[in-house]
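Note on naming: letters A, B, ... go to the chains in the order of the sequence lines (proteins, then strands), and numbering restarts at 1 for each one. Remember, predicted model here, so these are calculated numbers, not experimental data.
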There are 2 protein chains.
Amino acid sequence: MLQLDYKSGVPICEQIVNGFIRLKALGVLNGGDQLPSVRSLAIKLSVNPNTIQKAYAILESDGVIYSVKGKGSYMAEGSSSDLAVIKKAKENFKQAVTSANQLGLTNLELKELVDEVLKEEAE
Amino acid sequence: MLQLDYKSGVPICEQIVNGFIRLKALGVLNGGDQLPSVRSLAIKLSVNPNTIQKAYAILESDGVIYSVKGKGSYMAEGSSSDLAVIKKAKENFKQAVTSANQLGLTNLELKELVDEVLKEEAE
DNA sequence: TTAACTGTATTATTTCGATTAGTACAGTTA
DNA sequence: TAACTGTACTAATCGAAATAATACAGTTAA
């Protein structure tokens with residue numbers, strides 16, 4: 001369900017946040033679905049519960065999930081494409097495209113790089 | 001000439017490396033042009049000389065610049081530095097693809113964004 | 001030759017963010 | 001009541017990045 005890369009340099013908390021956003025965007029998790037509890041996910045991922053807590057707090061403030069004390073945390077309703085984080089991600093990517101293009105990379109080259117990266121990711 | 005964002009989270013050293021690569025790619029700096037000295041740039045950017053030293057060392061190992069003890073550091077000539085610039089641009093872009101994909105953006109969506117941006121650029 | 005530049009090297013220290021650790025409190029449910 | 005849930009808080013640990021302080025070596029011009 002969630003896959004962490006402990007040696008990627010990307011903060012664990014951020015990986016968890018992005019992971020749930022991804023699961024929502026891909027339709028693996030839908031509005032109303034319950035997330036693992038803070039403690040159980042911490043054990044499963046072998047990280048500190050505080051790290052999960054922090055990730056869930058960020059997800060909630062981003063409107064991706066909502067939490068109910070004593071019950072659990074749940075995926076928020078609504079289209080993932082409407083999420084502010086997705087919009088921000090698109091803006092960041094467009095910025096990257098602009099930068100790469102200014103450094104001389106062509107449309108075709110950029111698309112080849114997209115394929116190259118996503119092929120690696122799939123493994 | 002070089003613009004740093006101290007609160008971006010991106011290491012200063014990395015910003016300096018990318019900055020000179022960008023200046024080379026944009027034609028602001030050309031082969032043979034002398035770079036600011038380690039100490040003067042450190043003062044100008046209000047950072048430690050060791051940070052500049054580290055950035056220059058990375059640029060030199062990447063073939064973007066060359067340094068002569070006692071004289072200074074200079075932009076590398078022609079193809080070698082061009083290759084380094086392209087290589088760096090590709091690395092940066094691949095990183096952006098990975099980030100965007102982690103948030104759920106698909107191969108197709110990313111390619112559409114590439115088209116969207118480059119269509120705007122062409123105008 | 002000397003003074004003032006240049007790059008380079010080295011070690012120690014500081015700083016800061018991320019994470020861990022431990023504990024406590026509050027709400028829900030069987 | 002017991003065992004779950006989320007939440008809050010402080011302290012400690014860890015590591016990467018940057019700083020600090022020197023020292024050494026080559027170049028250049030007065």
Need to verify one output field. Residue with the more 5' nearest nucleotide on DNA chain C, B:N50 or B:R39?
B:R39
Side chain of B:I12, heavy atoms from C-beta onward: which of D:dT27, D:dA18, D:dT7 has the nearest atom to it?
D:dA18
Taking NZ from A:K69 and C1' from D:dC4, how many angstroms apart are they, rounded to a whole number?
15 Å
Near-ring test B:F93/A:F93, centroid separation under 6.0 angstrom:
yes
Side-chain contact test, heavy atoms from C-beta onward, threshold under 4.5 Å: evaluate it for A:R22 versus B:L103 and give yes or no.
no
Separation of atom CD in A:Q53 from atom C1' in C:dA18, rounded to whole Å:
15 Å
Walking DNA chain D from its 5' end, the first of B:K54 and A:P36 to be reached, judged by nearest nucleotide, is A:P36
Just need the stems in DNA chain C: three or more back-to-back Watson-Crick or G-U pairs, each with both distances under 3.5 angstrom, sorted by first number.
C:1-30 with D:1-30
Given C:dT19, D:dT7, D:dC9, identify the nucleotide with an atom nearest to the side chain of A:P11.
C:dT19
Rounded distance (Å) that lies between atom C1' of D:dG15 and atom NZ of A:K7
18 Å
Under-3.5 Å donor-acceptor pair between A:N48 side chain and C:dG22 base:
no
Counting side-chain heavy atoms from C-beta on, which of C:dT10, D:dG6, D:dT19 comes nearest to B:T51?
D:dT19
Whole Å only: how far is the CD1 atom of A:I16 from the C1' atom of C:dT19?
11 Å
Check whether any side-chain N or O of A:T51 sits under 3.5 Å from a backbone N or O of A:V47 as a donor-acceptor pair, and report yes or no.
no
Show the numbers, then the answer: is there a side-chain contact (heavy atoms from CB on, under 4.5 Å) between A:L83 and A:V64?
CA-CA 7 Å; A:L83 287 177; A:V64 181; 4.0 Å; yes
Atom CD1 of B:I43 and atom C1' of C:dT6 are separated, to the nearest Å, by 13 Å
With a 4.5 Å heavy-atom cut-off, do B:R39 and B:I52 have their side chains touching?
no
Figure out the CD1/C1' separation between B:I58 and C:dG7, and round it to whole Å.
16 Å
Return yes if a side-chain donor-acceptor contact under 3.5 Å exists between B:K111 and B:N107, otherwise no.
yes
Among D:dT27, C:dT8, D:dG6, which is the nearest nucleotide to the side chain of B:K71?
D:dT27
Quick one: which of D:dT5, C:dT28, C:dG7 gets closest to the side chain of B:S37?
C:dG7
What's the CD-P distance between A:E60 and D:dT5, to the nearest Å?
17 Å
A:L45 atom CG is separated from C:dA18 atom C1', nearest whole Å, by 16 Å
For a quick test of reading the model: is some side-chain N or O of A:S73 closer than 4.0 Å to OP1 or OP2 of D:dG6?
yes
Scan side-chain atoms only and decide if A:S8 and A:Q15 contain a donor-acceptor pair under the 3.5 Å cut-off.
yes
